[in-house]
Structure formats: structure tokens, C-alpha cells
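Owing to the predicted nature of the structure, the values given are computational and were not obtained by experimental measurement. Just the heavy atoms: all of them, side chains too, but no hydrogens, waters or symmetry mates, feed the values below.
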Amino acid sequence: MFDTIVVATDGSDSVRRAVSVAVDVAARFDAEVHAVYVVDAGEVESSPDTVRDDLRDALDDQGRDALDRVSDAAHDRDGDLDVTIEVREGRPASEIDAYARSVDADLVAMGTRGRHGENRFLIGSVAERVVRTCPVPVLTVRQLTDEDPRRTTI
């Protein structure tokens, strides 16, 4: 059913549960796992010229750390699960969509903070945009509160 699963990560706490769920699905279906991190070009370009290159490098390093955590989670869950990692730069939703298409993904998994009401509309959401525009099915996994007994850590 699932041969290729893309996990979109930004390294935040809200994506940890999504990584865990995606790795579990991949292990059950013996699927390939691809993890993608997108350096937000808008954030980089809106920074002062004097720090732009340093910011890009810092975000790239942050992305590689986030992708390493996905690889570690896959190896902890199932030692045979290899993860292909990719750092891209651009608009996050567009790059996640393009990456999913390029690897012929069967599923994209990503975390969401589960905001409600007007905050969702004021803040916007990469996950929401991917759900609306990506031709590949998207599994959004809501971050759990600290008190929730289902909360996992990786």
C-alpha cells in the first residue's frame, strides 16, 4: 500500500510525533522513508544582507540536525529502515510538494500544532497548505500536550 513515505520536518517539538507515526507506518509496510527539511527562502531573504549567509548556514545546520533525528528514530524503530535525507531551500509547502512528486511518494507525513479558530488563519500553516495543494495523500499528526499519556519522545 505504501512504498515511499516522505516525512517533512522542521525540527520542532510538533513534528516529533509525526516522525514516530511515519516511521511506524514505514516499518509496517516495508516502505522507503524520505525526510525533507526546507530552509525558508523568505526568512533568509528578509534578513539583513550582513547576516544572510550566516542565517542560511545556521538554518541548513538546523535542518541537518532535524533530519539526523528522523534517521535515528527510524534506526531505533527498525534497524533495517534507511532514510534518504534532503535539505532544500524555497517556500516550504511548495518544496515539500515538489519533493513528494520527485520521489513518487505514496504518503507525506508532517506535524501540526493543532491551532484552532482565528489563530490558524492569522498565523497560517505549512501543513495546511500542503494538505490543500499536494496531490499525494498527507497525514497530519497533531502534537500532544505534555499531560497526554499518548505523548512519545524521540
Side-chain angles (χ1 to χ4, degrees), residues 2 4-23 25-26 31-76 82-148 151-154:
F2 298 112
T4 306
I5 298 173
V6 171
V7 181
T9 183
D10 62 2
S12 68
D13 285 341
S14 65
V15 81
R16 289 182 185 198
R17 186 163 177 247
V19 168
S20 180
V21 169
V23 165
V25 171
E32 293 179 13
V33 178
H34 291 256
V36 62
Y37 175 92
V38 181
V39 174
D40 188 338
E43 184 178 347
V44 173
E45 294 306 316
S46 67
S47 65
D49 290 341
T50 56
V51 298
R52 192 168 291 154
D53 289 337
D54 291 337
L55 177 61
R56 182 178 285 115
D57 291 343
L59 291 173
D60 187 76
D61 289 344
Q62 177 182 323
R64 294 196 184 281
D65 289 344
L67 293 170
D68 286 344
R69 287 193 297 276
V70 175
S71 292
D72 291 346
H75 292 299
D76 289 346
D82 288 324
V83 178
T84 302
I85 61 172
E86 176 93 11
V87 175
R88 290 183 161 212
E89 184 171 340
R91 295 180 56 191
S94 298
E95 290 299 322
I96 293 165
D97 181 307
Y99 186 74
R101 290 173 193 244
S102 74
V103 298
D104 196 25
D106 299 302
L107 181 71
V108 174
M110 54 193 314
T112 180
R113 290 176 181 86
R115 291 191 174 107
H116 298 288
E118 67 184 47
N119 283 342
R120 179 173 58 97
F121 296 111
L122 293 173
I123 296 168
S125 166
V126 172
E128 181 181 356
R129 184 167 299 224
V130 173
V131 166
R132 285 189 288 115
T133 62
C134 190
V136 176
V138 179
L139 172 65
T140 58
V141 181
R142 187 173 178 188
Q143 176 184 7
L144 299 175
T145 64
D146 288 338
E147 295 80 32
D148 195 308
R151 185 173 172 99
T152 60
T153 59
I154 57 169

Review point. Considering all heavy atoms of both residues, which atom of P92 and which atom of V38 are nearest to each other, and what is their separation?
Key: CA-CG1, 3.6 Å
Point to revise | Where A109 and A22 come nearest, the two heavy atoms and their spacing | key: CB-CB, 3.6 Å
Practice item. Could you point out which residue of L139, T9, V138 forms a side-chain contact (heavy atoms from CB on, under 4.5 Å) with M110? Key: V138
Review point. Are the side chains of I85 and Y37 in touch, meaning some heavy atoms are under 4.5 Å apart?
Key: no
**Study point:** Sequence-distant partners of D72, side-chain contact (heavy atoms from CB on, under 4.5 Å), two or more places apart
**Key:** none
Review point. Going by the ring pair (Phe, Tyr, Trp, His ring centres under 6.0 Å) test, which pairs reach into residues 38-60, not counting sequence neighbours?
Key: none
Practice item. Walk me through it: do E32 and T84 pass the test side chain to side chain contact (heavy atoms under 4.5 Å, CB included)? Key: CA-CA 8 Å; E32 293 179 13; T84 302; 5.7 Å; no
Review point. Around R88, counting heavy atoms of other residues, nucleotides and ligands shown, do more than 12 lie under 6.0 Å from its CZ?
Key: yes
Check your understanding: Quick one: side-chain contact (heavy atoms from CB on, under 4.5 Å) partners of V103, sequence neighbours excluded?
Key -> T4, V6, H34, Y99, A105
Point to revise | Shortest non-hydrogen contact between A74 and V83, atoms and distance | key: CB-CG2, 3.4 Å
Exercise for review: Enumerate the residue pairs fulfilling salt bridge (charged side-chain N to carboxylate O under 4.0 Å, His left out) with a member in residues 101-112, sequence neighbours excluded, ordered by first and then second residue.
Suggested key: D97-R101
Review point. Is there a side-chain contact between V19 and R69 (heavy atoms, below 4.5 Å)?
Key: no
**Study point:** With D60 via salt bridge (Lys or Arg N to Asp or Glu O under 4.0 Å) - residues at least two apart
**Key:** R64
Review point. Who are the side-chain contact (heavy atoms from CB on, under 4.5 Å) partners of A93, not counting sequence neighbours?
Key: V126, R129, V130
Point to revise | Any residue meeting side chain to side chain donor-acceptor pair (under 3.5 Å) with E89, in chain and number order, not counting sequence neighbours | key: R56
Study note, to complete from the structure: Across all chains, not counting sequence neighbours, the side chain to side chain donor-acceptor pair (under 3.5 Å) partners of R52 are D49
Revision key, fill the gap. Note: A73 and V23 closest approach over all heavy atoms is O-CG1, 3.9 Å
**Study point:** Set of side-chain contact (heavy atoms from CB on, under 4.5 Å) partners for A18, sequence neighbours left out
**Key:** V15, V141
Study note, to complete from the structure: For V44 and S47, the nearest pair of non-hydrogen atoms, with its separation, is O-OG, 2.6 Å
Point to revise | With sequence neighbours excluded, residues passing salt bridge (Lys or Arg N to Asp or Glu O under 4.0 Å) with D68 | key: none
Check your understanding: What pair of heavy atoms forms the shortest contact from D10 to Q62, and how long is it?
Key -> O-NE2, 3.7 Å
